[in-house]
Amino acid sequence: MSGRFELVSVLACPRCDHAPLTAAESRHRCDACQVDFPSLDGIPWLFAEPAASLGEWRNRADFTLQTLGHEHRRLQAAASSGDVSELTRRRLSEHAEATRDHAERLGTLLAPLKLEPLTASFATNLAFRTRLPSDQGLMKYAYNIFRDWSWGKDENEASFALVRDALDGASPGRTLVLGAGAGRLAYDVHMRTDSEAMVVLDFNPFLLFLARRVTAGESIELYEFPLAPKSIDDHAVLRTLEADQPCRDGLHYVLADAHRPPFVKGGFDTVLTPWLVDILPERFGTLCKRINALLAEGGRWINFGSLSFHAGDPALQYTKEECAEIIADSGFDEPELTETSMPYLCSPASRHGRREQVLGWTAAKRRDVPKALRHKALPDWLVLGKDPVPLLDTFHLTAESTRLRAYILSLIDGRRSFNDIVAAFDQQKVMTHEEAEATIRELLIRLYEARQRR
Ligand SMILES: C[S@@+](CC[C@H](N)C(=O)[O-])C[C@H]1O[C@@H](n2cnc3c(N)ncnc32)[C@H](O)[C@@H]1O
């Protein structure tokens with residue numbers, strides 16, 4: 001492939017999966033679906049349901065800022081309490097001020113989420129079943145930004161070395177990074193190889209807003225709040241996030257869901273999936289087919305990271321040997337597997353830090369395989385609302401335990417003792433007296449402790 005790369009040349013509609021997109025004035029459009037996809041802070045927002053996904057990320061942004069506000073007030077109140085030492089007061093006051101300042105800085109960075117008006121109707125919400133996983137909060141990978149753009153030289157170098165070794169001197173050509181996070185690896189690969197173009201995809205706008213600004217040459221300050229601060233000065237550390245130099249041409253950011261990548265078939269020579277394959281909720285075999293479709297014939301898939309699938313079904317919790325078999329069955333050559341030990345998120349301000357035994361593979365695409373089924377985040381009975389809601393064991397169990405919890409809590413009236421409550425509960429005859437005592441005590445301890453932590 002040659003000629004100057006235009007992002008639009010590899011884009012396809014994430015709704016209908018095939019129509020090319022046209023670019024016009026900070027928007028992309030699918031004429032077949034008659035939907036516009038906005039750009040936020042200069043990054044195309046290419047989710048199948050642009051309005052619904054924007055609504056979800058806005059909510060997450062609001063929630064994050066509100067949580068910081070709450071934390072600020074809690075720290076301030078603790079700092080003004082009479083029974084803390086001067087040293088503790090200093091720590092609490094500094095932490096409170098850093099939290100307030102951080103919220104303000106984050107609010108500025110996230111402002112593009114609020115500004116962009118949308119044309120697609122919110123009524124499409126859920127119809128394409130691309131709802132975001134609830135465990136993927138806006139700040140879930142916040143530590144990655146400090147590693148990528150502040151203190152993580154050794155870790156970043158180790159990641160780049162894995163890709164450089166996998167390329168073995170070949171040019172990566174048109175390259176796509178799926179789940180790119182704060183974008184350091186994509187920047188390094190683009191700056192240190194002769195990649196023709198680098199397309200950087202993630203679904204978290206906080207990470208990509210930041211990555212785009214930093215790789216364009218901006219310097220951004222945000223606070224790191226280490227999990228296990230090493231000293232009193234490490235509770236809130238203002239970090240400067242910056243790249244050595246602005247990135248060369250050809251680096252493109254795309255906000256989209258890796259389950260519905262908005263790209264034409266065979267658009268890339270190299271697909272990178274750093275620390276991604278085992279956190280996606282879909283079956284590994286489906287992801288392999290999806291990556292096959294993104295690659296041109298002879299293109300390569302380079303993966304590295306952990307291998308810890310969390311699927312409820314134990315049959316889907318694959319090992320490296322099973323992954324290798326599935327990759328080879330998905331139109332790739334037998335993958336080359338590597339094992340590397342490397343540091344992971346070892347902040348100089350934290351006592352926490354890991355060493356990971358990282359599994360890598362490189363697999364060349366040999367042939368096309370039948371297309372992966374469309375990703376469905378939600379079942380028909382939830383999306384269409386017409387089928388009966390199935391009596392799943394989880395609903396049944398939750399109904400029963402909620403009923404019992406509600407009954408126990410209804411017995412608390414400010415006068416009854418613990419023993420009175422157990423005696424009243426005994427009359428339900430759902431468990432022995434000893435079991436009732438233990439269960440009620442555990443419930444009350446949990447609620448009491450949660451209150452203490454608030
Ligand atoms: C474990 S982090 C790894 C980040 C980065 N690759 C690195 O090595 O630092 C996983 C990344 O995948 C992104 N991600 C998770 N699910 C995704 C999805 N369905 N579509 C796009 N990105 C996703 C997360 O936002 C996060 O940035």
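Everything numeric in this text was worked out from a predicted model, so none of it was measured. Atoms within each ligand, like the ligands themselves, are counted from 1 in listed order.
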Main-chain N/O of Asp62 paired to Thr64 side chain as donor or acceptor, under 3.5 Å: no
Asn144, any N or O under 3.5 Å of ligand 1 N or O: yes
Asn204: numbered ligand 1 atoms lying under 4.0 Å from its heavy atoms: 25 (O)
Arg300 bridged to Glu336 by N-O distance under 4.0 Å: no
Ile279 contact mode with ligand 1 (heavy-atom cut-off under 4.0 Å): side chain
Residue portion contacting ligand 1 (non-hydrogen atoms closer than 4.0 Å) for Arg184: neither
Atom indices of ligand 1 within 4.0 angstrom of Ala258 heavy atoms, with elements: 18 (C), 19 (N), 20 (N), 21 (C)
Close N or O approach (Leu207, ligand 1; < 3.5 Å): no
Side-chain heavy atoms of Leu185 within contact of Phe304, under 4.5 Å: yes
Parallel, tilted or perpendicular, as decided by the 30° and 60° cut-offs, for the rings of Phe332 and Trp301: tilted
Geometric N/O contact Asp202 with ligand 1, under 3.5 angstrom: yes
Salt bridge present between Lys365 and Asp368 (N-O < 4.0 angstrom): yes
Heavy atom of Arg147, distance to ligand 1 below 4.0 Å: yes
Region of Leu178 engaging ligand 1 - heavy atom pairs below 4.0 Å: neither
Distance filter under 4.0 Å to His259 heavy atoms, resulting ligand 1 atoms: 19 (N)
Gly179-ligand 1 polar pair, N/O distance under 3.5 Å: yes
Pair Trp149 + Tyr187: ring centers closer than 6.0 Å: yes
Ala256 and ligand 1 - part of the residue with a heavy-atom distance under 4.0 Å: backbone
Under 3.5 Å donor-acceptor, Asp234 side chain and Pro229 backbone: no
Under-4.0 Å heavy-atom contact with ligand 1, by part of Phe203 that carries it: both
Ligand 1 N/O within reach of Asp148 N/O, cut-off under 3.5 Å: no
Plane angle bin for Phe225 and His102 - parallel if under 30°, tilted between 30 and 60°, otherwise perpendicular: perpendicular
Location of contacts on Ser159 toward ligand 1, heavy atoms closer than 4.0 Å: neither
Taking every non-hydrogen atom, the tightest pair across Trp45 and Trp57: CH2-CD1, 3.5 Å
Asp257 N/O under 3.5 Å from ligand 1 N/O: yes
Cation over ring face, Arg174 and Phe5, 6.0 Å, 45°: no
